[in-house]
**Q** 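Structure incoming, see below.
Hydrogens, waters and symmetry mates play no part in the numbers below; they use all other heavy atoms, side chains included.
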Amino acid sequence: MLKQQSHIVAPIPDELRTRALYTVGELRERGKADKEAIDKLFNLIVDMTEEGLDFFFLEPLRRLHASNMMMGMAKMGISSMLKGSKMVVHKVLKKLDDRSLAAILDFIEGIIHEPEQG
């Protein structure tokens, strides 16, 4: 899906990539949108979101050598954004059914890529 569109890319730690793919595989195999699946999915989405927010908002400021005060203001804004996002994601995931679980797992699997070699 995304490969046919222009898209932006954010690096994630290898640990997060490994955990994401493992979690997707585990939840796909279980196939049930129960509390355990929702909790694992929620934690994964939050961690991926935090990495993306850091890369797209804080990394440019770091590269521009922004002052500590500017970084602090940016971190405070991102923290508020993340808090609001967590609330929305949690509400949405609580209503997840098995079919929707499969769809979100497909999406996560489709946005995780290994680094290119060379």
Side-chain angles (χ1 to χ4, degrees):
M1 173 181 80
L2 290 176
K3 294 259 184 179
Q4 288 78 39
Q5 300 173 349
S6 297
H7 56 279
I8 56 177
V9 177
I12 59 173
D14 287 339
E15 177 278 326
L16 181 54
R17 179 183 51 83
T18 301
R19 183 164 53 93
L21 294 175
Y22 176 81
T23 301
V24 165
E26 177 189 11
L27 297 181
R28 190 183 305 286
E29 187 174 304
R30 289 181 54 224
K32 291 285 177 207
D34 57 12
K35 181 174 176 5
E36 181 183 347
I38 289 167
D39 288 345
K40 285 183 178 188
L41 191 55
F42 175 78
N43 290 326
L44 178 61
I45 290 170
V46 167
D47 290 346
M48 291 173 64
T49 301
E50 286 175 340
E51 288 294 329
L53 288 172
D54 181 85
F55 183 73
F56 289 116
F57 291 95
L58 297 178
E59 185 59 26
L61 295 176
R62 283 192 286 268
R63 291 180 186 204
L64 293 170
H65 306 290
S67 69
N68 288 338
M69 186 171 78
M70 185 64 67
M71 291 298 290
M73 290 185 334
K75 286 178 183 178
M76 188 182 312
I78 289 169
S79 176
S80 295
M81 188 175 9
L82 186 60
K83 193 179 293 184
S85 296
K86 283 181 181 180
M87 211 167 39
V88 170
V89 168
H90 192 262
K91 281 186 174 195
V92 169
L93 291 181
K94 280 183 6 181
K95 298 176 181 175
L96 204 64
D97 60 19
D98 296 348
R99 194 183 70 189
S100 297
L101 172 65
I104 194 69
L105 294 176
D106 288 344
F107 174 78
I108 291 171
E109 197 171 51
I111 63 172
I112 303 289
H113 300 281
E114 291 193 27
E116 292 181 3
Q117 300 302 317

**Q** Would you check if the side chain of Ser100 reaches a backbone N or O of Leu96 as a donor-acceptor pair within less than 3.5 Å?
**A** no
**Q** Indicate yes or no: at least one non-hydrogen side-chain atom of Glu36 is less than 4.5 angstrom from one of Leu27.
**A** no
**Q** What closest approach, in Å, do Ala74 and Leu58 show between heavy atoms, and which atom pair accounts for it?
**A** CB-CD2, 3.7 Å
**Q** Where do Ala37 and Asp34 come nearest, in terms of heavy atoms and distance?
**A** N-OD1, 3.0 Å
**Q** With a 4.5 Å cut-off on side-chain heavy-atom distances among I, L, V, M, F, W and Y, is there a chain of contacts connecting Ile112 to Tyr22?
**A** no
**Q** Do Lys86 and His90 come within less than 4.5 Å of each other through their side chains, counting heavy atoms only?
**A** no
**Q** How far apart are the closest heavy atoms of Arg17 and His113, and which atoms are they?
**A** CD-O, 3.7 Å
**Q** Counting heavy atoms not belonging to Glu15, are there more than 12 under 6.0 Å from its CD?
**A** yes
**Q** Counting C-beta onward and ignoring hydrogens, is there a side-chain heavy-atom pair between Leu61 and Lys75 closer than 4.5 Å?
**A** no
**Q** Indicate yes or no: at least one non-hydrogen side-chain atom of Met70 is less than 4.5 angstrom from one of Leu64.
**A** no
**Q** Verify side-chain contact (heavy atoms from CB on, under 4.5 Å) between Arg28 and Asp106, making sure each step is shown before the conclusion.
**A** CA-CA 9 Å; Arg28 190 183 305 286; Asp106 288 344; 2.8 Å; yes
**Q** Okay, side chain of Asn43, backbone of Asp39: is any donor-acceptor separation there less than 3.5 Å?
**A** yes
**Q** Does atom CG of Asp97 have more than 12 heavy-atom neighbours from other groups under 6.0 Å away?
**A** yes
**Q** Using a 4.5 Å cut-off on heavy atoms from C-beta on, say whether the side chain of Leu93 contacts that of Ile45.
**A** yes
**Q** Salt bridge check: are Glu59 and Arg63 linked by an N-O gap of less than 4.0 Å?
**A** yes
**Q** Which atom names give the shortest non-hydrogen contact between Pro60 and Phe55, and what distance separates them?
**A** CD-O, 3.3 Å
**Q** Can Ile108 be reached from Val9 by stepping across I, L, V, M, F, W or Y side chains whose heavy atoms are under 4.5 Å apart?
**A** no
**Q** What do the steps show when you test Asp54 against Arg62 for side-chain contact (heavy atoms from CB on, under 4.5 Å), and what is the final call?
**A** CA-CA 10 Å; Asp54 181 85; Arg62 283 192 286 268; 2.6 Å; yes
**Q** Examine Leu21 and Leu41 and state if one hydrophobic cluster contains both, with Ile, Leu, Val, Met, Phe, Trp and Tyr joined whenever side-chain heavy atoms are less than 4.5 Å apart.
**A** yes
**Q** Give me the atom names and distance for the closest heavy-atom approach of Glu51 to Leu16.
**A** CG-CD2, 3.5 Å
**Q** Determine, using the 4.5 Å side-chain heavy-atom cutoff (strictly less than), whether Met48 and Leu82 are members of one ILVMFWY cluster.
**A** no
**Q** Would Leu53 and Met71 show up in the same hydrophobic cluster when neighbours are defined by side-chain heavy atoms closer than 4.5 Å?
**A** yes
**Q** Which distance, rounded to the nearest 0.5 Å, do you find between the CG of Asp98 and the CZ of Arg30?
**A** 10.0 Å
**Q** How is the hydrophobic cluster of Val88 composed, in terms of its other members, when Ile, Leu, Val, Met, Phe, Trp and Tyr link through side-chain heavy atoms under 4.5 Å apart, directly or indirectly?
**A** Val92
**Q** Can you tell me how far the CD atom of Glu114 sits from the CG atom of Asp14, to the nearest 0.5 Å?
**A** 8.5 Å
